[in-house]
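Numbered from 1 within each chain, the chains take letters A, B, ... in sequence-line order. Quick caveat, the model's predicted, so the values are computed rather than measured.
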Amino acid sequence: MHDIRAIREEPDVYDRNWARRGLPPQTPPILKMDGERRAAQTELQTLQQQRNEKSKEIGAIKAKKGDAQTLMDEVAALKTRMTELEEREKTLAAELDMHLSSIPNLLADDVPDGKDENNNKEVRKWGETPRRNDVKDHADIGAGLGMMDFETAAKVSGARFVFLSAGLARLERALAQFMLDTHTEEHGYAEVSAPLLVNTDTMYGTGQLPKFRDDQFETTDGRWLVPTAEVVLTNLVREDILDEDVLPRRYTAFTPCFRKEAGAAGKDTRGMLRQHQFYKVELVSITHPDESWKEHERMTECAENILKKLKLPYRTVSLCAGDIGFGSMKTYDIEVWLPGQGRYREVSSCSNCGDFQARRMKARFRPAGAKDTQFVHTLNGSGVAVGRALIAVMENYYDADDAGIIVPDALLPYMGGIKKVMPLEGIDAAAQKGKKAAGL
RNA sequence: GGAUGGGUGGCGGAGUGGUUGAACGCGCCAGUCUCGAAAACUGGAAUAGUCGCAAGGCUAUCGGGGGUUCGAAUCCCCCCCCAUCCGCCA
């Protein structure tokens, strides 16, 4: 959400910035609505003032048992116009609000120009990505293990769901726990177990609504399944006025995420890369406005650290203007190397939203000794997507000799003594026939 | 799901139609006193919008939305939320 007063003052700044995202000038219609709204409001307030004054007089006259009929008629006469103005003001305000809340955040100056992901700028790269001949894609590896079953998931739930079992399920859980422990014990994030169903105001606060309704699962009682823990963790400070010294606040949570993937028809249909439901460990920081850029770098490093500990090759890219998310001023995507695909794929996205979400949520802090409040800055990042990290572990740690997956050192403490996830007995034949995974 | 009781300023808590933006208490800020502090005393302080160069004015806000009325925190209707009890349940 943007500050309408700031837009009034420098509409050009806004239009120029939004143009980088490919938007046509937005401020002319905004300023027009705003002007009309204020005109209606001013006239209405004048009439309200008259009404209040006269009503007060009536009260005084009646207290003395006088006759106030003339005044009462006068006030009654104001009503038609007042009702008219009230409605006009309300309609215009709603329109303006709808318009404003559907416009994306301003971009930071150092966001690279560009139309789509091809223009993203690599900022660093970590790890070796040797060419190998014995690579396999995670869906094949999973089938070979007998622990990844899309057919049954389709029967039970539909497309874009999966059953994991045995060692793979355990590996997924180990990943989540490892990430959570790292963020809480080494990176200073507070662990939170949070609601997964949220109300409309909450979804509005972080920017999923009103614009991205079609991407969300809505319940029959008007609630929404969270598409990411960012939603709940960020809304933790909604409508709060925090003391300055409690900033920054850092939260982490391990949750399922639910997404309709409405715009992704036909994309990534193979394997479990893009699902309606997946696990993710999320990082959220609430900071002082002066600290958010530093925090953005720090958060990105925290996410990268997970991949380093897992010894998974990755690169970090700065998203270009055309690829950056709605609420973000600047975003780093961390992409992990997937040998099976021979390319890097996103496992984390770290964004600084500035005060964009804070405005929507009315999340503020009071600078020490100050009378007025200021909006906090909010940041979110995946630390990291568990499902995709599992894919990366499977493909990078695959041992072609025995079709097993070597457990990365960092995960050993969480695997109950399992050092390698091996195919289930008799699985080869079943897998080749396309039969249901033997582990289920 | 059923029943009952509630939602008022940072907090507690008054207030059932007319200068109530809202008593009182706590907390908070400034000052007096003090070497300094505490206590005591005095004063100050809501949020948003809007008009104005400014000083300042005005409007709205007592869970949310409608309604009655010249006038609503106070009356009526709908909704939401919270608490307790019953039922159900991991």
Compare the minimum distances between each of B/rU50, B/rC81, B/rC70 and the side chain of A/M72, then state the nucleotide with the smallest one. B/rC70
Taking the P atom in each of B/rG65 and B/rC80, what is the distance between them to the nearest angstrom? 15 Å
May I ask you to say whether A/K267 pairs ionically with A/E261, meaning some side-chain N is under 4.0 Å from a carboxylate O? no
Taking only side-chain N and O atoms of A/R8, does any of them lie within less than 4.0 angstrom of OP1 or OP2 on B/rU50? yes
Can you tell me which nucleotide in B/rU69, B/rA60, B/rU50 comes closest to the side chain of A/R5? B/rU50
Could you tell me how far apart A/L47 (CG) and B/rC51 (P) are, to the nearest whole angstrom? 16 Å
Distance check, P atoms only: B/rA22 and B/rC81, in whole angstrom units. 33 Å
Side chain of A/I58 only, heavy atoms from C-beta on: which candidate in B/rG18, B/rC51, B/rC58 is closest? B/rG18
Write down the distance separating the C1' atoms in B/rA73 and B/rA60, rounded off to the nearest Å. 14 Å
Determine the interatomic distance between C1' on B/rC28 and the same-named atom on B/rC35; round to the nearest Å. 27 Å
For atom P, what is the distance between B/rA72 and B/rG67, given to the nearest Å? 12 Å
Does A/K90 reach a base, just sugar-phosphate, or nothing at all? Heavy atoms under 4.0 Å. sugar-phosphate
Report, one line per pair, each donor and acceptor closer than 3.5 Å where one atom sits in a side chain of residues 102-109 of chain A; sequence neighbours left out.
{"unit_1": "A/S102", "atom_1": "OG", "unit_2": "A/M98", "atom_2": "O", "d": "2.9"}
{"unit_1": "A/N105", "atom_1": "ND2", "unit_2": "A/G327", "atom_2": "O", "d": "2.9"}
{"unit_1": "A/N105", "atom_1": "ND2", "unit_2": "A/C353", "atom_2": "O", "d": "3.0"}

In terms of the nearest nucleotide of RNA chain B, which residue is placed more toward the 5' end: A/D73 or A/R51? A/R51
Quick one: label A/R359 by what it contacts on the DNA or RNA (base, sugar-phosphate, nothing), any heavy atom closer than 4.0 Å. nothing
Any-strand Watson-Crick or G-U partner of B/rA46, both distances under 3.5 Å: B/rU61
Can you list the steps and then say if A/L338 with A/L273 is a side chain to side chain contact (heavy atoms under 4.5 Å, CB included)? CA-CA 11 Å; A/L338 293 187; A/L273 201 62; 4.2 Å; yes
B/rC11 to B/rA46 separation - C1' atoms, rounded to the nearest Å: 14 Å
Would you mind telling me which residue lines up with the more 5' stretch of RNA chain B, A/R364 or A/K56, judged by nearest nucleotide? A/K56
Can you tell me if A/K79 touches the phosphate of B/rG71, counting only side-chain N or O atoms and a distance under 4.0 Å to OP1 or OP2? yes
Proximity of A/F356 and A/H377 rings by center, below 6.0 Å: no
Among A/I418, A/L164, A/V393, which residue meets the side chain to side chain contact (heavy atoms under 4.5 Å, CB included) test with A/L171? A/V393
Who pairs with B/rG36 - Watson-Crick or G-U, where each distance is under 3.5 Å: none
Where the side chain of A/N52 is defined as all heavy atoms beyond and including C-beta, which of B/rU59, B/rG71, B/rG49 is the nearest nucleotide? B/rU59
Name the nucleic acid region contacted by A/L71, choosing base, sugar-phosphate or nothing; use a 4.0 angstrom heavy-atom cut-off, strictly under. nothing
Pairing partner (Watson-Crick or G-U wobble, both distances under 3.5 angstrom) of B/rU74: none
Watson-Crick or G-U wobble mate for B/rA55, both contacts under 3.5 Å: none
Looking only at atom P, what distance separates B/rG5 and B/rC78, rounded to whole Å? 16 Å
Pairing partner of B/rG1, by Watson-Crick or G-U wobble and under 3.5 Å for both distances, is B/rC86
Who pairs with B/rC41 - Watson-Crick or G-U, where each distance is under 3.5 Å: B/rG31
Before accepting this row, confirm whether a basic side-chain N of the pair A/R37/A/E95 lies closer than 4.0 Å to the acidic partner's carboxylate O. no
B/rC33 and B/rG52, which share atom name P, separated by this distance in whole Å: 45 Å
